[in-house]
Amino acid sequence: MGPLGRFDQMPRAELSPAPTLLEPLGNLTRATAGAEIWAKRDDAHPLAFGGNKVRQLEYYVGAAQAEGADTILITGAVQSNFCRLAAAFAAKLGMACNRRQEERVAREGPLYRASGNVLVERLLGAKLHSYPTGEDEAGADANLEAIADDLRSAGRTPYVIHLAPGHPPLGALGYVECARELLEQLKAASLEIDHFAVPSGSGATHGGFLFGLRALGCATPVTGFCVRRGADQQKPRLEKRCQEIAQLLGVANPVPPEDVVIDDQFLAPGYGQLNPATEAAIRAGARSEALILDPVYSGKCMAGALKLARELGPGKRVLFLHTGGSPAVFAYGNALETVLQA
Ligand SMILES: Cc1ncc(COP(=O)(O)O)c(C=O)c1O
């Protein structure tokens, strides 16, 4: 068995042509006057506005298909990219999608509630359910299971994508695949990266990517920039995530705890809320590279990539993993006024 164990035998509903683009951000590098900044453009998957959740859903939906499911159940924030893309997979593969909207962000108004990802998932035909809390992962899963029971009674075959840890981390496999793909791209281009900047939310992207790199012999540092919870909670979550991936693949965990590097500097004041560094990163990405960064995830990770580029200085290279989220800019239009006015 190779370093990725059972990885290539895992069921996968492959919907994204690989590889995604790897590109230098020359204008941003010049403006920052630090390390070269490169982007891996996972925002540019062709499926329904793309983003990191495409790679993750390939493994969840692959498992759902292997079980003969006809309905996907998923939960997330009102403006969830994961839920939007679950609706896209369901539409493309002839399944139904039931999605639960959690109240994670104290934001009202027609843009947040009806535009952006919500509009797109309704276009894609998802059925929406609401859930009053945003910080109860186990409760959210139990509620999904209750909807699944109702669907079973009605003769459907549901597949639940759980939110809380403790379930096989199938989504993380998408980022093991991304690490493998990227290492091949870097080798083909004879390009060396000194530091990777990734967002760290559920941990599927960060955990899978770090695991894939280390399993394949790449020791380059990876910093996960927090988008959802502080570093004190995120670090143990990531360590556990890496152990779960190892267990799923039947290999030893190649990620020592000291390699799980978390930075929560750009999280404040909290999930889905802007801060001055994130506003500056969104503005710089748009005005110098025409990169659309969202206020919840990719804007915060770009703030982190810019910080790393300044710290490392000229002669080094930082790779920013662009995980997408672009439809959210429509929903966060009011909050983005500060970026527009600056
Ligand atoms: C655009 C985008 N980037 C990053 C993340 C964070 O990824 P993960 O949940 O795998 O940590 C998400 C999560 O929803 C996302 O939608």
Side-chain angles (χ1 to χ4, degrees), residues 20 39-45 47-60 74-88 99 101-102 104-105 116-118 120-121 134 137 161-165 167 169-179 197-212 222-229 231 233-235 237-238 240-242 244-245 260 262-264 266-267 271-272 278 281-282 285 291-305 320-329 331-332:
T20 55
K40 170 90 171 143
R41 298 290 307 273
D42 276 16
D43 62 310
H45 282 297
L47 189 75
F49 297 106
N52 61 335
K53 298 295 172 178
V54 175
R55 290 188 194 270
Q56 299 186 14
L57 280 159
E58 286 190 338
Y59 288 91
Y60 283 115
I74 188 163
T75 184
V78 171
Q79 283 295 331
S80 164
N81 300 296
F82 203 10
C83 295
R84 180 241 312 162
L85 284 163
R99 94 83 133 188
Q101 292 183 317
E102 295 164 29
R104 278 191 211 167
V105 182
N117 283 304
V118 177
V120 178
E121 65 193 354
E137 293 186 330
I161 299 178
H162 294 97
L163 178 65
H167 298 277
L170 295 180
L173 300 184
Y175 274 85
V176 174
E177 178 60 28
C178 177
V198 303
S200 203
S202 73
T205 302
H206 182 188
F209 186 71
L210 178 60
F211 187 104
V222 177
T223 297
F225 290 95
C226 292
V227 293
R228 179 85 201 273
R229 53 188 79 71
Q233 284 177 280
Q234 194 68 359
K235 183 158 162 68
R237 189 183 180 100
L238 258 291
K240 187 154 181 280
R241 191 52 48 112
C242 291
E244 287 168 351
I245 302 169
V260 177
I262 308 275
D263 185 334
D264 60 8
F266 306 107
L267 175 63
Y271 176 80
T278 303
I282 293 174
L291 273 188
I292 303 304
L293 302 168
D294 79 303
V296 190
Y297 304 105
S298 51
K300 292 191 174 184
C301 185
M302 179 57 95
F320 161 70
L321 180 62
H322 192 339
T323 53
S326 52
V329 298
Y332 280 82

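Nothing here was measured: the structure is a model prediction, and the numbers come from that model. Start at 1 with the first residue, then count along the sequence. Below, each value reflects all heavy atoms present in this structure, side chains not excepted, and no hydrogens, waters or symmetry copies. Ligands are counted one by one from 1 in listed order, and the atoms in each one are counted from 1 as well.
- Checking T75 against E137 by side-chain atom types alone, no donor-acceptor pair falls below 3.5 Å.
- Classified by interplanar angle (parallel below 30°, tilted 30° to 60°, perpendicular above 60°), the ring pair Y297/Y271 is perpendicular.
- Under the side chain to side chain contact (heavy atoms under 4.5 Å, CB included) criterion, A44 pairs with R41, sequence neighbours left out.
- In this view, V120 and F49, R84, L124 satisfy the side chain to side chain contact (heavy atoms under 4.5 Å, CB included) rule, not counting sequence neighbours.
- Under the side chain to side chain contact (heavy atoms under 4.5 Å, CB included) criterion, A328 pairs with N117, D294, Y332, not counting sequence neighbours.
- Each of N52, K53, Q56, N81, P199, S200, G201, S202, G203, A204, T205, Y297, T323, G324, G325 has a non-hydrogen atom positioned under 4.0 Å from some atom of ligand 1.
- Checking each of T223, T323, V222, L210 against V198 for a side-chain contact (heavy atoms from CB on, under 4.5 Å) leaves exactly one that passes, namely V222.
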